[in-house]
Amino acid sequence: MTEQRHGAARLAAVVINPVKSPGDGFRAEVQALCREEGWAEPLWLETTEDDPGAGQARQALESGADVVIAAGGDGTVRCVAGVLAGTGTAMGLLPLGTGNLLARNLGIGVADPIGAARDVLAGADIAVDAVKAHLDHAEDGQLFLVMAGLGYDAAIMANTVDGLKDRVGWLAYVEAGIRHLPGRPVPARIRIDGGPEVRRRIRSVLVGNCGQLMGGVEIFPQARVDDGVLDLVALSPRGRFGWFNVVAGLFGRNQDKNRSVQYLAGKSAEIILDDPQEFQLDGDHFGSGKHLLVTVVPGALTIRTSASRAEAGVLG
Ligand SMILES: [Mg+2]
């Protein structure tokens, strides 16, 4: 088999979250697809609660996989990407379950897993940025691809019942958010690219590598996932109509005049808070902290997607 692999047949590794697998026949369907496309039998590596994707991605690299397919939600994608970034080995996306924000941002269909796998096997490569996040000066950073959230947003994730999130997707976050609405803004200092501090009383800071963050909502309309720039928004609801102003600022036209919502962009951002806030990366809760450093890693990740999409450009 190894000889065949080093001959014509290429090898795909599928790192799959079994909880999100569409059913018993799915593995056989992917195997049949690989045969059809002239690929070797795929490596099938299931994630576990203890190892949600990184160990499996390392195993895939060691096995010499030509492409590592992350089959699951945004959590699986983030764990696999954390290993593949900087290696040049391509990641394919096989979106399962709800969410799938990176796939949606890249225009990859989320309703047809086998179709997505076919696109990967016959696809071409694009390079996208990743963002490295260090919480509370941790030596080891965590990569994320879609968004990081401090404060309100992460608190929402932490308080959302897992089962509910799977059943109704992003709506669950909104539901949890409503329960959370009364809250105290926290004094924050934000520095972009080591520049002067912007001071704000914030309820939430979102850092985006992509434009579309929640439920198809375009939080950063100008964001590109391949421009070497990260985008940040600080949400500062004030007074009785605080959250109303935030929503108006996010979706309205007078964003510059709305002090409830401040947009910033750069290659790195440092956020220093007076009180610890909840923290999440691509929808996974990471505890709480008072200091966050995020740095864009331009073109860190190679994504294999349909050849026509690759030719049209990342967001074409
Ligand atoms: Mg960008």
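The basis for the numbers below is simple: all heavy atoms, side chains too, and nothing from hydrogens, waters or symmetry mates. Counting starts at 1 for both ligands and their atoms, following the listed order.
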Would you say Glu36 has more than 12 foreign heavy atoms packed within less than 6.0 Å of its CD? yes
Flag, side chain of Asp136 to backbone of Ala138, donor-acceptor distance under 3.5 Å: no
Please find out if the Mg ion (ligand 1) and some N, O or S atom of Gly208 are separated by less than 2.8 Å. no
Tell me, please, if Val296 has any N/O/S atom, main chain or side chain, under 2.8 Å from the Mg ion (ligand 1)? no
Rounded to 10°, how many degrees is the angle O/Arg224-the Mg ion (ligand 1)-O/Val229? 170°
Name of the Asp227 atom (N/O/S only) found closest to the Mg ion (ligand 1): OD1
Ion pair Lys267/Asp193, N-O distance below 4.0 Å: no
Below 4.0 angstrom, N of the basic side chain to O of the carboxylate: do Arg199 and Glu197 qualify? yes
